[in-house]
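Working notes, structure below.
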Amino acid sequence: MSNRQKPNASRRAFLKYGGLTALTIAVDFSLPLLRPSYSGWMAVANADPLDDISIPGKNGLRILNNRPLNAETLPHFLDDEITPNDRHFVRNNGLVPSSAHEMDAKGWTLTVDGEVHNPLVLTLEQLKRFKPYTYSLQIECGGNGRAGYDPPAKGNQWTYGAVGCATYTGVRMGDVLRSAGLKNSAVYTGYYGNDLHLSGDPNKIPISRGTPISKAMDEHTLIAWEMNGRPLPTLHGFPLRVVTPGWPGSTSIKWLKHITVRDREHDGPKMTGYSYRVPRYPVPPGAHVPKRDMKIIESMPVKSLITFPKSRLNWKYGKPLQVRGHAWAGDSSVKTVHVSIDFGANWGETSLTPPANPFAWQNWSTMLGFPKRGYYEIWARATDTAGVMQPMVVPGWNPKGYLNNATHRVAVTVL
Amino acid sequence: MGFSEDFQYQGLAPGMGRKQVLENCTVCHSTAIILQNRMSRKQWDQTLTWMQKKQGLWDLEPSLRKAILDYLSTHQGTKKSSPQPHNPLGHQYSYRPNPL
């Protein structure tokens, strides 16, 4: 490996601004450009520099990082049964490509190669000749809930809202792979988008992940071009993305250009080391776990969210309160959702809808009455079809803080 | 602290090494990923190594690396007195989970 030097000032200026459109700067870089006025934060030393930035096309999101852009939805803004585009979380590993900023798909091709008999280079038009399917599919970031771990785990400190369930239209990954003719040696997929590495180095890849062939062949794994009936938004992968529902969102590569079929586990950036991996065995909080003991996360665990009411509600004594939210369970589905208003001593079952299709989240609701005036916490706990429940405490600490599926709680004061 | 200084340092608290962190750590990403994380000195050191191996962070002279690590372990360390709680939202309810 060559001896790398810190770039000089002009090289750095190039890394920062070179080759990027004004809009890229607005979204990825631009604390100053998007800030409506300086007066609010000037006075406060160490004010959070992310306060009051807004993201074009988004509403109700909390920004964790502006460059690369990472933003989650506050739980009460996830109340819709199908997550609207402006309310869906964003997890970017690199910079949004200019083709997506400009919504320009001219000349876009998707390459399929590797362990296939007939490698393909498909235009969007050719891809759309495969039979299209429309499904509601939930995507959750592997690191959703990371902020709950103690000692803290490295990375964006997602709380509750790195999850969403939108309706996607696209073709089945399996149909495309079959038409390329999978060889017997096919084991794993590797997906590549055209987002830019943060360093600005065009030869570096921000992220390339994939899944075992069996998951790629699942009928609900899509190569999608529409989200909720609209072309994929800039931040969600325009013009093409993978949707690998129920698995860490990082397997749903955006701005998709290239699918390579591997004869072994894919080893692209963020497949190896500690990325999107958890220890093979339970460890005490803060433990050092050797890399060889880490395994790739596949299905996400059972989880639920309370989307109404918003926490810290004041409610009138004697008035019944409708509580509602969503529940999902990775590759599986949710059998029941229970709620408790007495710290888990008593649980009542809620009414729960079946998923609109496999991998769609399910909606639950219930009417609650409060026996006395006072302070309550509503806890929601989902159970999947195998009988596995959400834990009431933050589960299995792991070095990168993935898979926190502890029960969600909201506070209500009955007056 | 003047406006331009606060603005220029992207929310990094004043202290020895702030300039070096700003110069070396905000070329690729903003300070937001730094301010969100609290780690021991050793973990910060490992994070820098990971960025050098995988993400194109350049070589850091020993004295520069030390200045950066001094700053990070002081201002973004694991001590309770650290200025930034690792979870900015806090718990949205009053009973902390399992405080004992």
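All chains are named by letter (A, B, ...) in the order of the sequence lines, taking the proteins before the strands, and each is independently numbered beginning at 1.
Atom NZ of A:Lys154 and atom CH2 of B:Trp50 lie 7.0 Å apart (nearest 0.5 Å). The CD1 atom of B:Ile33 lies 8.5 Å from the CG atom of A:Leu64; values are rounded to the nearest 0.5 Å. Note: A:Ser199 OG to B:Trp58 CH2 = 9.0 Å, rounded to the nearest 0.5 Å. Remark: A:Arg146 CZ to B:Gln36 CD distance equals 9.0 Å, nearest 0.5 Å. If you take CD on A:Gln157 and CZ on B:Arg38, they are separated by 9.0 Å, rounding to the nearest 0.5 Å.
Contacts of B:Thr47 with chain A are made by both backbone and side-chain atoms, with heavy-atom separations under 4.5 Å. A:Tyr274 does not touch chain B: none of its heavy atoms, backbone or side chain, sits under 4.5 Å away. Only the side chain of A:Lys204 comes within less than 4.5 Å of a heavy atom in chain B; its backbone stays farther off.
Across all non-hydrogen atoms, the minimal contact from B:Ala32 to A:Asn65 is CB-OD1, 3.4 Å. Contact record, B:Ser30 with A:Asn66: OG-OD1, 2.6 Å, taken as the closest heavy-atom pair.
Residues of residues 266-273 of chain A that come closer than 4.5 Å to chain B, counting heavy atoms only, are A:Lys270, A:Thr272, ordered by residue number.
Remark: the A:Arg312 side chain and the B:Ser94 side chain contain an N/O donor-acceptor pair separated by less than 3.5 Å.
With hydrogens and angles ignored, the 3.5 Å screen pairs a side-chain donor or acceptor of A:Arg67 with a backbone N or O of B:Val27.
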